[in-house]
Amino acid sequence: MSNALAPAEAAGSPARAPLQQLTGLLGQPAVRRSLPFVFLAGLVLAGFLAWSMVATAPQRILFANVTDADKAAISSALQGAGIANGIDGAGAITVAEDDYHKARMLLASQDLPKAAPGGYAILDNLPMGVSRAVEGERLRQARETELARSIQEIDAVAEARVHLATPEASAFVRDRASPSASVIVKLQPGRALGEAQIRAIVNLVASSVPGMQPDAVTIVDQMGALLSKSGGKDGASVGDTRIDFQRRVEDKYREQLAQLLTPMVGAGNFTAEVQADVDLDESQATRESYDKQGQVMRAEQGAWTGTKDGATPGGIPGTLSNTPPPASALVAPNAGGAAAPAPAAPAAAPQPQAKQSDSFTRTYETGKEISVTRAMPGNVRRLSVAVLLREEPGKPRGIAEINQINELVRAAVGYNAQRQDQVTVVSRKFSAAADPAKEGPAWYEAAWVPMAARNGTALVIALLVLFLGVRPLARALLKKRDDAAHRPALPIGGHHPEGASAPVPSVSIDMLADRGNSYDDRVGLVRGFTRENPARAALAVRDMIKADAR
């Protein structure tokens, strides 16, 4: 009786009422018979959704940040050409990966998208009568657009934007401000800008604006990383410059070793590492030295007096009476012409003068030497080189060959024992993972992998629907048909004549009321009825108990 009242008490609970109603709905024979069809429909729907998700080719953004009018024109042009397209959540037009280049060429032939004029074309649309400030802003905008287009020509740059800060010219030198620029670049996937490319962008922008210095240009990528450096204004930039210089020195030695060893042992049969201790300190020295042994006369000032030795004709200077007459000359009477002059008498040799007194002032200075020495950075203080040779299995390298390669490596890198340089050459077997000759693109990066994955996933989904949905449903339908065909031949008790178990047929009230059955058959019918209709059996037991109680 308590079991009979339990369902009634449970039915009175408001929390369990919806669950019991759902259980009762699912327990109805019609609903139970339709469950396999519902399950099959759900499997088919899930398979179709999975197939639509997997079979769709990867999408690629065709154009981003275009106007609505351009989106409508692009979509119409693609649909007219039979190219499927869509719009993602960010408003960008997307097409399949395989149709990307075809769509780009199609739209380029139709001059789409028709974006707003940029660059110096903005100045063509400048209306008349605008103010000087508006004209300056348009000119700055045109210059920014042209610089952005020039930067986008670099292979690794997908998009670029340039912002120029050009202050107004001032007549006062104290109030003048230098222009500056900010550049943000969006790089191609998996690409990076090298140091040379960054310096090229900096010099390009700085050279395009009058008065701008390269230090005033800032470059940032799409991840917010600062690419340009201030060139030695802070310690971090100086440290980066020193590290880059050391890296360039080491790369130079590696290239020399690669050029030396590649013809000898082959590409991929060696690895070389170089560690260079580079002196990056700049020093300047001034030295003064004096010669203590020799003395050099710097200046001399003075006078002296003296007389001539011996008697000479004298007199009052400037008169002819004190000079001796010239020697006479004889002229022949029959010469027939002018007589030849007589040779002059030789002049008397001057006589040395005798010094009587002198007065001199002399200045002497010792020798002096000034030497200025300026040592530039870049000298290698110590060099360490390690070379690993690949050893073929069963073909070890001899000691003489290794020593010969060691001498060649020392000659290539400029080995200096005074600097305590170290060069090591070792021959070992390479592991399969570290073998550079066998390295290549992974198999999952091939072009056929995505297509094979989509087709394989679709095949697996179809097989799951077939084996988990269609096959069980078909077996259930065939089993019910066989049971309906063989039901009259089965005994009432539900036992097969050969002793094998078989499903018990449905038991009705008329079969229970038939008194022609034996006791065992009635017991079997009651068991079957109770198993198929537990609720009605419980009600019947309750009525029997109530009747006995009366």
Side-chain angles (χ1 to χ4, degrees), residues 151 154-157 178 180-185 187-188 190-208 212-221 223-262 267 270-287 371-388 406 408-425 436:
I151 295 173
I154 299 177
D155 186 26
V157 179
S178 301
S180 60
S182 301
V183 181
I184 180 169
V185 293
L187 304 179
Q188 298 286 355
R191 303 292 297 275
L193 290 177
E195 294 294 335
Q197 292 176 323
I198 294 175
R199 289 195 299 269
I201 295 176
V202 169
N203 293 320
L204 173 65
V205 176
S207 303
S208 302
M212 182 178 293
Q213 300 296 326
D215 294 339
V217 180
T218 303
I219 303 177
V220 182
D221 62 0
M223 303 302 295
L226 180 64
L227 301 181
S228 61
K229 299 174 183 178
S230 57
K233 291 186 177 181
D234 51 359
S237 298
V238 174
D240 294 340
T241 304
R242 295 164 68 96
I243 293 174
D244 293 340
F245 183 80
Q246 181 175 355
R247 185 182 296 110
R248 289 198 300 270
V249 173
E250 294 174 354
D251 292 340
K252 175 179 175 293
Y253 284 114
R254 291 192 188 95
E255 291 178 0
Q256 293 177 354
L257 292 176
Q259 294 178 1
L260 174 67
L261 297 177
T262 299
F270 70 93
T271 58
E273 289 296 332
V274 179
Q275 177 64 34
D277 186 5
V278 185
D279 185 10
L280 299 176
D281 297 331
E282 182 178 356
S283 60
Q284 185 175 0
T286 304
R287 182 183 63 180
S371 176
V372 178
T373 304
R374 183 178 181 182
M376 297 298 295
N379 296 326
V380 179
R381 292 184 294 193
R382 189 171 183 272
L383 192 64
S384 299
V385 181
V387 178
L388 179 61
N406 192 357
L408 289 175
V409 171
R410 289 187 178 186
V413 299
Y415 175 80
N416 190 354
Q418 297 179 357
R419 298 184 309 195
Q420 298 181 355
D421 292 350
Q422 184 178 2
V423 176
T424 304
V425 179

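All values below come from the heavy atoms of this structure, side chains included, with hydrogens, waters and symmetry mates left out. Quantities reported herein were computed from a predicted structural model and do not represent experimental measurements.
Taking the side chain as every heavy atom from C-beta outward, Gln256 and Leu260 never approach each other to under 4.5 Å. Here the side chains of Tyr253 and Val385 are not in contact, with every heavy-atom distance at 4.5 Å or above. Proximity of Pro214 to Asn203: side-chain heavy atoms (C-beta onward) are separated by under 4.5 Å at one or more points. Residues Gln420 and Arg381 fail the side-chain proximity criterion, which asks for heavy atoms closer than 4.5 Å. Between Leu227 and Val185 there is a side-chain heavy-atom pair separated by less than 4.5 Å. With contacts defined as side-chain heavy-atom distances shorter than 4.5 Å, the pair Ile201/Val217 does not qualify. The shortest side-chain heavy-atom distance between Arg382 and Gln422 falls under the 4.5 Å cut-off. The shortest distance between side-chain heavy atoms of Asp277 and Val380 does not fall below 4.5 Å.
We find the OG-CE distance between Ser207 and Met212 to be 10.0 Å, quoted to the nearest 0.5 Å. In this structure, CG on Leu193 lies 10.0 Å from CD1 on Ile151, to the nearest 0.5 angstrom. In this structure, CG in Leu257 is found 10.0 Å from CD in Glu273, a value given to the nearest 0.5 Å. We find the CG-CZ distance between Leu204 and Arg199 to be 14.5 Å, quoted to the nearest 0.5 Å.
Residues that satisfy the salt bridge (Lys or Arg N to Asp or Glu O under 4.0 Å) test with Asp251, not counting sequence neighbours, are Arg254.
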Q | side chain to side chain contact (heavy atoms under 4.5 Å, CB included) between Asn416 and Leu383, worked out | A | CA-CA 9 Å; Asn416 190 354; Leu383 192 64; over 6 Å; no

(Q) For Leu261 and Leu408: C-alpha separation, side-chain torsions, deciding distance, then whether side chain to side chain contact (heavy atoms under 4.5 Å, CB included) applies. (A) CA-CA 9 Å; Leu261 297 177; Leu408 289 175; 5.9 Å; no

Q: Would you sort out whether Val157 and Leu187 count as a side chain to side chain contact (heavy atoms under 4.5 Å, CB included), showing the intermediate values?
A: CA-CA 5 Å; Val157 179; Leu187 304 179; 4.3 Å; yes

Q: Begin with the C-alpha distance, continue with both residues' side-chain angles, and end with the deciding distance and a verdict on side chain to side chain contact (heavy atoms under 4.5 Å, CB included) for Asn406 and Arg410.
A: CA-CA 6 Å; Asn406 192 357; Arg410 289 187 178 186; 3.6 Å; yes

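Taking every heavy atom of both residues into account, Asp155 and Arg191 meet most closely at OD2-NH2, 3.2 Å. Nearest heavy-atom pair, Ile219 versus Ser228, reported as atom, atom and distance to 0.1 Å: N-OG, 3.0 Å.
A salt bridge (charged side-chain N to carboxylate O under 4.0 Å, His left out) check over residues 411-423, counting only residues at least two apart or in different chains, returns the pairs Arg419-Asp421.
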